[in-house]
Amino acid sequence: AGAKDDSFSVLDLAEYTKNRPWWRKIFGPSSGSSAEKYNVATQLVIGGVTGWCTGFVFQKVGKLAATAVGGGFFLLQIANHTGYIKVDWNLVQRDMNKAKEQLKFHSSGNRMPPEVKSRVDEVIIFLKKNVILTGGFAGGFLIGMAS
């Protein structure tokens, strides 16, 4: 049994990362889970800040969308009350019944298409690998929605 004489080269990661831009470190093609790259505090800060920004924007856009939809319904009610619009309630009822039947038909299978299932599996794997980052994001999102 002969022993192999393998030679290994040493890679200095500190020098390697100095020559790479920050966005390549985070979003590079070989970017693994955040748990491998950052300590707990950094993951919480990154997740919290991105979550807060997302929650804040989501809150503002949500208010704007709710105002637009509510205003649209209000204007439609005024137009209906003043006689500008006539609603055929029989047609509305018939279309609602068709929609109910379609929902019953599609929900009876209870099976996800394979492409949706694979995407869901990818998301679950990402969440499991980056639990601290995800927790920070969720907390930041809730704080952003509240502010």
Side-chain angles (χ1 to χ4, degrees), residues 8-147:
F8 295 100
S9 61
V10 177
L11 175 63
D12 186 8
L13 290 179
E15 286 298 319
Y16 177 71
T17 56
K18 284 181 187 175
N19 298 330
R20 297 181 73 201
W22 65 270
W23 62 86
R24 290 274 187 216
K25 294 175 195 173
I26 296 174
F27 303 113
S30 63
S31 61
S33 71
S34 62
E36 298 169 357
K37 295 190 283 186
Y38 303 108
N39 62 19
V40 174
T42 305
Q43 291 179 57
L44 283 174
V45 168
I46 290 172
V49 168
T50 56
W52 180 84
C53 291
T54 305
F56 187 77
V57 168
F58 192 83
Q59 175 204 29
K60 297 299 180 188
V61 170
K63 283 183 181 179
L64 179 67
T67 303
V69 170
F73 283 134
F74 181 69
L75 289 175
L76 284 173
Q77 284 297 330
I78 290 174
N80 184 31
H81 183 69
T82 56
Y84 286 107
I85 297 175
K86 296 282 186 192
V87 178
D88 184 2
W89 290 109
N90 292 328
L91 181 63
V92 171
Q93 185 66 34
R94 191 174 65 223
D95 288 345
M96 291 299 291
N97 289 335
K98 283 182 187 177
K100 285 180 188 176
E101 290 299 320
Q102 287 291 327
L103 284 174
K104 286 179 186 176
F105 175 74
H106 288 300
S107 65
S108 63
N110 264 348
R111 285 187 279 165
M112 278 193 280
E115 53 274 350
V116 172
K117 184 167 175 27
S118 68
R119 293 291 179 193
V120 169
D121 291 340
E122 286 178 25
V123 168
I124 290 172
I125 289 169
F126 175 80
L127 293 176
K128 285 181 181 178
K129 283 184 179 179
N130 301 296
V131 121
I132 296 172
L133 183 73
T134 305
F137 180 85
F141 182 81
L142 294 175
I143 292 170
M145 287 290 289
S147 59

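Computed from a predicted model, the values in this text were never measured in an experiment. In this chain, residues are counted from 1 in sequence order.
When all heavy atoms of Phe56 and Ser147 are compared, the pair lying nearest together is CD1-OG, 3.8 Å. A pairwise comparison of heavy atoms in Gln59 and Met145 identifies NE2-O, 3.4 Å as the closest pair.
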Under 3.5 Å, which donor-acceptor pairs link side chains of residues 72-81 to any protein atom two or more places apart or in another chain?
none

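Between Lys98 and Glu101, no side-chain nitrogen of the basic residue sits less than 4.0 Å from a carboxylate oxygen of the acidic one, so the salt-bridge criterion is not met.
Residue pairs satisfying the ring-ring contact (aromatic ring centres under 6.0 Å, His included) criterion with at least one member in residues 117-143, sequence neighbours excluded, are listed as follows: Phe58-Phe141.
The distance from the CD1 atom of Ile132 to the CD1 atom of Ile46 is 12.0 Å, given to the nearest 0.5 Å.
Under the 3.5 Å distance criterion, the side-chain polar atoms of Gln43 are left unmatched by any main-chain donor or acceptor of Asn130.
Residues passing the side-chain hydrogen bond (donor to acceptor under 3.5 Å, both in side chains) test with Thr67: none are found, sequence neighbours excluded.
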Practice problem: Output, in order, the C-alpha distance, side-chain angles, deciding distance and verdict of side chain to side chain contact (heavy atoms under 4.5 Å, CB included) for Gln93 and Asn90. | Solution: CA-CA 5 Å; Gln93 185 66 34; Asn90 292 328; 5.7 Å; no
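Partner of Leu127 under the side-chain contact (heavy atoms from CB on, under 4.5 Å) criterion, out of Val131, Ile125, Val123: Val123 alone.
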